[in-house]
Amino acid sequence: GGAEKWVMMVTAQTPTNIAVIKYWGKRDESLILPVNDSISVTLDPDHLCTTTTVAVSPSFDRDRMWLNGKEISLSGGRYQNCLREIRSRASDVEDEENGIKIPRKDWDKLHLHIASYNNFPTAAGLASSAAGFACLVFSLAKLMNVKEDQSKLSAIARQGSGSACRSLYGGFVKWIKGRDEDGRDSLAVQLADEKHWDDLFIIIAVVSSRQKETSSTTGMRETVETSLLLKHRAKEIVPKRILQMEEAIKNRDFTSFAQLACADSNQFHAVCLDTSPPIFYMNDTSHRIISIAEKWNRSEGMPQVAYTFDAGPNAVLIARDRKAATLLLQRLLFYFPPSSATDLNSYVLGDKS
Ligand code: 2P0
């Protein structure tokens with residue numbers, strides 16, 4: 001093997017995140033700048049995560065990427081923006097053990113191979129772009145010895161997919177919409193780490209494994225163009241809700257947390273309905289789950305479970321504690337008797353659509 005035969009690689013794993021105050025609507029589409037702040041909780045790394053290996057070698061003749069074993073194109077603007085931003089921040093890299101030296105200026109000439117796997121079905125309508133772009137940016141930054149903090153990296157991941165910026169941190173995370181036109185201050189900050197509130201149990205009820213009909217990007221564009229309710233939400237509702245949610249998280253106040261999360265999910269779907277033509281992400285099963293949760297919370301006198309739905313019909317249910325999670329699963333199994341063996345981490349309720 002001559003000097004040109006080496007390969008250097010880095011592997012990283014990143015979980016997905018679930019918004020409890022939703023991002024919906026961009027003020028700048030190419031930089032991915034949102035119309036409002038959002039807050040999310042990052043899941044445990046063992047469930048719903050992306051694992052990405054990035055490799056560099058002088059023998060690679062172009063950048064290439066494989067997603068779940070299948071080659072995909074890197075020609076899209078989002079990939080190109082992330083790769084360009086990371087490359088421009090690369091430093092000298094030295095691997096003494098293997099005698100490899102990559103001076104900073106060589107990163108422009110060297111090509112990358114990227115292999116990414118989701119440990120959940122990409123087609124299940126569960127956010128995959130969030131974990132995917134966060135992991136891509138993080139692993140490239142490690143490989144190229146980028147000396148920026150997580151927040152700065154989050155602003156790069158944001159240019160791959162908005163929600164991705166929130167997956168650079170664990171625990172509770174806020175994506176600050178920022179004011180700058182160049183997007184430098186539109187980034188994620190950690191509100192509390194994963195140990196701060198570890199009583200919470202998250203159950204994802206897979207209602208339908210069909211791919212959504214309206215992509216988030218298209219849906220948001222149509223909402224921004226046509227919904228007056230979105231303007232009211234972004235200006236009058238979300239700023240106050242963000243402060244209240246930060247307070248609820250700080251105090252581990254589940255009652256406020258659940259009220260805010262449910263109200264915000266419902267308003268996000270109301271904004272979708274206020275779009276012309278209207279966008280329907282939830283289905284009858286989703287609505288039934290909301291009714292079951294609301295009825296149970298009312299009968300207990302205080303919230304036991306928060307629900308939140310993204311751009312699809314699947315329910316994300318956040319239980320107050322282990323006991324509430326157990327009772328919730330019992331209820332779900334009662335209302336939706338399983339037709340076959342199920343994995344309770346992703347309990348399939350049957351596709352009614
Ligand atoms: C969120 N969603 O805050 C909201 C709630 C879906 C509903 O972020 O165009 O895939 O790549 O920035 O991040 C989904 O939107 O959209 C999303 P792009 P993204 O989690």
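Quick caveat, the model's predicted, so the values are computed rather than measured. Indexing begins at 1, ligand by ligand and atom by atom, following the structure's order.
Residue Gln80 holds its CD atom at 12.0 Å from CD of Glu85, rounded to the nearest 0.5 Å. With rounding to the nearest 0.5 Å, the separation of SG in Cys49 from CG in Asn119 is 4.0 Å.
Near Ile32, meaning under 4.0 Å from any of its heavy atoms, are these atoms of ligand 1: 12 (O). Near Thr217, meaning under 4.0 Å from one of its heavy atoms, ligand 1 places the atoms 9 (O). Near Ala19, meaning under 4.0 Å from any of its heavy atoms, are these atoms of ligand 1: 1 (C), 3 (O), 20 (O). Less than 4.0 angstrom separates some heavy atom of Ser216 from each of these atoms of ligand 1: 14 (C), 15 (O), 16 (O). Proximity to Met220 (heavy-atom distance under 4.0 Å) selects the following atoms of ligand 1: 15 (O), 16 (O). Taking every non-hydrogen atom of Lys26 and a distance limit under 4.0 Å, the qualifying atoms of ligand 1 come out as 9 (O), 12 (O), 18 (P). Short contacts between ligand 1 and Phe268, defined as distances under 4.0 Å to a heavy atom of the residue, involve ligand atoms 7 (C). Counting atoms of ligand 1 from 1 in the listed order, those under 4.0 Å from a heavy atom of Ser129 are 10 (O).
Relative ring orientation between Trp197 and Phe257 is described as perpendicular, the plane-to-plane angle rising above 60° on a 0-90° scale split at 30° and 60°.
When each of Val10, Ile86, Thr52, Val56 is checked for a side-chain contact (heavy atoms from CB on, under 4.5 Å) with Leu140, only Ile86 meets the rule.
Closest heavy-atom approach to atom 1 (C) of ligand 1 within the set Lys22, Arg221, Arg166: this belongs to Arg166.
Using a 4.0 Å cutoff on heavy atoms, Arg158 does not count as a contact of ligand 1.
A donor-acceptor contact closer than 3.5 angstrom links the side chains of Lys22 and Thr308. Tyr169 and Ser151 share a side-chain donor-acceptor pair at under 3.5 Å.
Cation-pi check for Arg288 over Phe336 is met; the charged atom lies under 6.0 angstrom from the ring centroid and within 45 degrees of its normal.
Between Ser38 and ligand 1, not a single N/O pair is under 3.5 Å apart. Checking only distances, Trp24 never comes within under 3.5 Å of ligand 1, N or O to N or O.
Ion pairing between Arg298 and Glu294 holds under the 4.0 Å rule for side-chain N and carboxylate O.
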